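Values below: all heavy atoms of this structure, side chains included; hydrogens, waters and symmetry mates excluded. Please read these numbers as outputs of a predicted model, since none were measured by experiment.
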Amino acid sequence: MRWLSTAAVAVLLLTAGCNAFVGADTADQGTVTPVPIPTAAESDTATTLDSPPGVTTERLENVALLSAAHRQALNGTTYTLNERYTELTIGNDSSSVRRTETVAVESPTRYRDEMVRLTTDSNGTVDRYEQSTYADGTNWYERRDDGTVERQRGEVRFSRDKYAYRTAFYLNRYAVVNQSSTTVVTSDGSQAYRIRGSGGEIPTTERLEELRIELLVEPAGLVRRFSVWYRTEDRIVEYSFWYEDIGETTAERPAWLNESTPMN
């Protein structure tokens with residue numbers, strides 16, 4: 001939503017985002033731990049719930065099939081996507097990067113994306129960066145950290161739902177694990193598959209010491225929540241995404257976009 005291959009880390013840290021606010025207290029250098037997915041109660045009765053594509057009653061079998069079904073499940077609907085990324089460098093010169101992002105998607109060409117990124121160096125100095133993007137179906141606007149706004153007229157830059165493709169990319173990248181198990185659970189009144197896994201490979205030249213993933217998947221293949229956490233000798237990295245207001249999201253015009261806003 002950046003994973004120790006330089007290119008992947010850049011994707012995560014530089015992607016623009018929506019409605020994400022990080023307090024100054026995030027500058028602490030405490031140990032990063034996996035963020036738990038909101039509790040989903042395990043089903044205590046037998047179920048005939050259909051398995052999502054690529055998922056069996058025992059394990060996550062084919063990530064490519066699941067990610068394709070996930071992308072298709074988001075096609076033609078509205079949603080709010082939340083992302084969180086944390087990278088903690090451990091050792092004598094500890095530092096961290098923390099990014100939060102929320103995207104309200106009304107259509108592939110109408111969305112609002114806001115991102116906040118905090119970088120803390122080994123001296124405890126915090127650098128805060130914010131970026132906001134808004135597309136109204138005709139024009140595309142980007143507000144930079146210095147308050148300047150760029151407007152692109154005419155055809156909107158993106159003609160497909162780039163955010164559905166983005167989360168599908170992360171599934172393909174980080175959900176391929178050596179071991180996994182599935183459980184039917186009840187979440188928000190509906191049954192879904194909870195998948196937990198460990199082991200595997202990620203795009204990094206460092207030796208991977210530990211990796212864990214967790215997904216909450218609807219029968220049609222929509223991955224409601226996903227979290228990956230891994231540790232190497234020098235770093236701890238966590239990335240997660242989750243969806244809200246599916247079918248009920250509107251991309252409202254942001255307060256910073258008004259007649260007095262300078263256009264560059």
Ile195-Val176 co-clustered via ILVMFWY side chain contacts under 4.5 Å | yes
Leu222 versus Ile246: any side-chain heavy-atom pair under 4.5 Å?
-> yes
Hey, are the side chains of Trp140 and Thr133 touching, using non-hydrogen atoms and a 4.5 Å cut-off?
-> yes
Does Glu61 have any side-chain hydrogen bond (donor to acceptor under 3.5 Å, both in side chains) partners at least two apart in sequence or in another chain, and if so, which?
-> Arg59
Please name all residues satisfying side chain to side chain contact (heavy atoms under 4.5 Å, CB included) with Val177, sequence neighbours left out, ordered by chain then number.
-> Ser180, Leu211, Ile213
Any salt bridge between Glu150 and Arg144, counting N to O under 4.0 Å?
-> yes
Which residues satisfy the ring-ring contact (aromatic ring centres under 6.0 Å, His included) test with Tyr243, sequence neighbours excluded?
-> His70, Tyr79, Phe241
If you draw a 6.0 Å radius around CG in Asp93, do more than 12 non-hydrogen atoms from other residues or ligands fall strictly inside?
-> no
Side chain to side chain contact (heavy atoms under 4.5 Å, CB included) between Leu60 and Thr182, worked out = CA-CA 7 Å; Leu60 176 56; Thr182 61; 5.5 Å; no
Nearest non-hydrogen partners of Tyr134 and Glu252, listed with the distance | CE1-O, 3.6 Å
What are the two closest heavy atoms between Asn172 and Ala64, and how far apart are they?
-> OD1-CA, 3.5 Å
Can you check side chain to side chain contact (heavy atoms under 4.5 Å, CB included) on Ser240 and Val228, steps first, answer last?
-> CA-CA 6 Å; Ser240 58; Val228 56; over 6 Å; no
Heavy atoms, side chains only, cut-off 4.5 Å: are Glu142 and Gln131 in contact?
-> yes
Check the pair Tyr141 / Trp256 against side chain to side chain contact (heavy atoms under 4.5 Å, CB included), numbers first and verdict last.
-> CA-CA 10 Å; Tyr141 307 87; Trp256 51 261; 4.0 Å; yes
Check whether any side-chain heavy atom of Val97 sits under 4.5 Å from a side-chain heavy atom of Leu118, and report yes or no.
-> no
Hey, is the main chain of Glu130 close enough, under 3.5 Å, to the side chain of Asp145 for a donor-acceptor pair?
-> yes
Would Asp245 and Arg224 pass as an ion pair if we require N to O under 4.0 Å?
-> no
Apply salt bridge (Lys or Arg N to Asp or Glu O under 4.0 Å) to Asp146 and list each qualifying residue two or more places apart in sequence or on a separate chain.
-> none
Think Arg212 forms a cation-pi with Tyr230, using NZ or CZ under 6.0 Å from the six-ring centre and within 45 degrees of its axis?
-> no
Please identify each residue that fulfils side-chain hydrogen bond (donor to acceptor under 3.5 Å, both in side chains) with Ser51, with sequence neighbours left out.
-> Tyr193
pair Val237-Thr86: side-chain heavy atoms closer than 4.5 Å = no
Kindly indicate whether the side chain of Thr78, heavy atoms from C-beta on, has any atom under 4.5 Å from the side chain of Ser107.
-> no
Can the ring centroids of Tyr170 and Phe226 be said to lie less than 6.0 angstrom from one another?
-> no
Test item: Ser227 and Arg84 side chains (from C-beta on) under 4.5 Å apart, heavy atoms | no
Are side-chain N/O atoms of Ser95 and Ser122 paired as donor and acceptor at under 3.5 Å?
-> no
Carefully, step by step, assess Leu215 and Leu171 under the rule side chain to side chain contact (heavy atoms under 4.5 Å, CB included).
-> CA-CA 10 Å; Leu215 304 84; Leu171 289 173; 3.9 Å; yes
Find out whether Val223 and Leu66 are in side-chain contact, i.e. whether some heavy atom of one side chain is under 4.5 Å from a heavy atom of the other.
-> yes
Arg231: partners by salt bridge (Lys or Arg N to Asp or Glu O under 4.0 Å), with sequence neighbours left out = Glu209, Glu210
State whether a side-chain donor-acceptor pair under 3.5 Å links Glu244 with Asn82.
-> yes
So, for Val105 and Tyr111, which heavy atoms are closest and what is the spacing to 0.1 Å?
-> CA-CB, 4.1 Å
